[in-house]
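Atoms within a ligand are numbered from 1 in the order they appear, just like the ligands themselves. Only a predicted model underlies this, so the values are computations on that prediction, with no experimental measurement involved.
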Amino acid sequence: MPDVDGNNEAKKYYTDIPQTSKNYFLKGSNSLDWGMKNRLGRIFNPASGKTVMLAIDHGYFQGPTTGLERIDVNILPLERYADTLMLTRGILRTIIPADTQKSIVLRVSGGTSILKELSNESLAVDIEDAVRLNASAMAVQVFIGGEHERESIINMTKMVDMGIRYGIPTLAVTAVGKDMVRDAKYFRLATRICAELGAHYVKTYYVPEDFETVTASCPVPIVIAGGKKIPEPDALKMAYNAIQQGAAGVDMGRNIFQAESPIAMIQAVRAVVHNNETPENALELYNDLRNKKS
Ligand code: 5RP
């Protein structure tokens, strides 16, 4: 029977409350489709807007790197402290329990080893496999200024197109050749090219001078790689500076899994990234956790 009381009807439909429409929390991501946003929201914590990605994909071109000889033994205990695991499908399928609650960023480029020219990569994973593996993003290496610059850029744009079809974001990983200068000017160029051509977020390296110009000129979020192992206090300082200068997180490998205490280090990095802890406080946390363990 239809409602006779018009006021009741208005109440039920909250006719006085306009439907809200929230802006998406991540830089440059507001116009993305729902699936893309949902996946990015599994990588970046919506509360802090940041991410701690644990990068363990090094084996795809350099074999069993120090600290990654046994991922089941050395890395699985760190998994609970990461927001995201960045890895290959081989390690995902063989080692990572399928009931993990962590988001997965799947390495999808490859094809060369440290014995050859590294920039000579192709796409090495089919988008359908990324879908099957429930990847939250796909990572493609881009070699700006490298010997195979063009191919690597086209690898990325192909993945962006395929990812858009299925709602999976693409992370462009800027790789720097051994003899190339790593400065803000280079990273402004590299990150901007990746973003202009469709990358949904970009991984780069931190540089001590003018890093804020790199994050400012890139219209999508930037995360920093850790790079070669440096002393723990320096790595925490680097992560802190990057976050304060506009990075949306870290995609850190060696400076976590090669630390004297990887479990303490990943928690200290989390404190810097998500809680804006100073490097001094984070180092104190690192030492406390490390000493508790021994
Ligand atoms: C390898 C990668 C690594 O994931 C990246 O370099 C991050 O690891 P690290 O912090 O050890 O540099 O993309 O090509």
Given Arg42, Arg270, Lys102, the one that forms salt bridge (charged side-chain N to carboxylate O under 4.0 Å, His left out) with Asp83: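 For Asp83, the salt bridge (charged side-chain N to carboxylate O under 4.0 Å, His left out) check succeeds only for Arg270.
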
Please state whether Lys203 comes within less than 4.0 angstrom of ligand 1, counting heavy atoms only.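 Lys203: in contact with ligand 1 (<4.0 Å).
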
Hey, can you tell me if Phe187 and Tyr205 have their rings parallel, tilted or perpendicular (30° and 60° cut-offs)?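 Phe187 and Tyr205: tilted rings.
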
May I ask you to list the atoms of ligand 1 that are less than 4.0 angstrom from any heavy atom of [X]?
X	answer
Asp251	7 (C), 10 (O)
Gly227	9 (P), 10 (O), 11 (O), 12 (O)
Val173	13 (O)
Tyr205	6 (O)
Met86	4 (O)
Ala55	4 (O), 7 (C), 8 (O)
Arg254	9 (P), 10 (O), 11 (O), 12 (O)
Arg107	2 (C), 13 (O), 14 (O)

Could you identify the single nearest non-hydrogen protein atom to [atom] and state the distance to 0.1 Å?
atom	value
atom 4 (O) of ligand 1	Asp57 OD1, 2.5 Å
atom 1 (C) of ligand 1	Phe61 CE2, 3.7 Å
atom 8 (O) of ligand 1	His58 NE2, 3.1 Å
atom 14 (O) of ligand 1	Gln141 NE2, 3.1 Å

Run the salt-bridge test on Arg70 and Asp72 with the 4.0 Å N-O cut-off and return the result as yes or no.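 Judged by the 4.0 Å cut-off on N to carboxylate O distance, Arg70 and Asp72 do form a salt bridge.
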
One thing to verify: whether Asp161 and Lys158 come together as a salt bridge, which I'm taking to mean a side-chain N less than 4.0 angstrom from a carboxylate O.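 Judged by the 4.0 Å cut-off on N to carboxylate O distance, Lys158 and Asp161 do not form a salt bridge.
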
[X] and [Y]: side chain donor to acceptor below 3.5 Å:
X	Y	result
Arg80	Gln101	no
Arg107	Ser109	yes
Glu117	Thr112	no
Thr215	Glu212	no

I'd like to know whether the aromatic ring centres of Phe44 and His274 sit less than 6.0 Å apart in this structure.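 Not close enough - the centres of the two rings lie 6.0 Å or further apart.
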
Could you tell me whether Tyr60 and ligand 1 have an N or O pair separated by under 3.5 Å?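 Between Tyr60 and ligand 1, no N or O pair is found under 3.5 Å apart.
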
So, is Met252 polar-close to ligand 1, with some N/O to N/O distance under 3.5 Å?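 For ligand 1, there is no N or O atom that lies under 3.5 Å from one belonging to Met252.
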
Cluster check Leu40, Met162: I/L/V/M/F/W/Y, side chain < 4.5 angstrom: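 Same cluster.
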
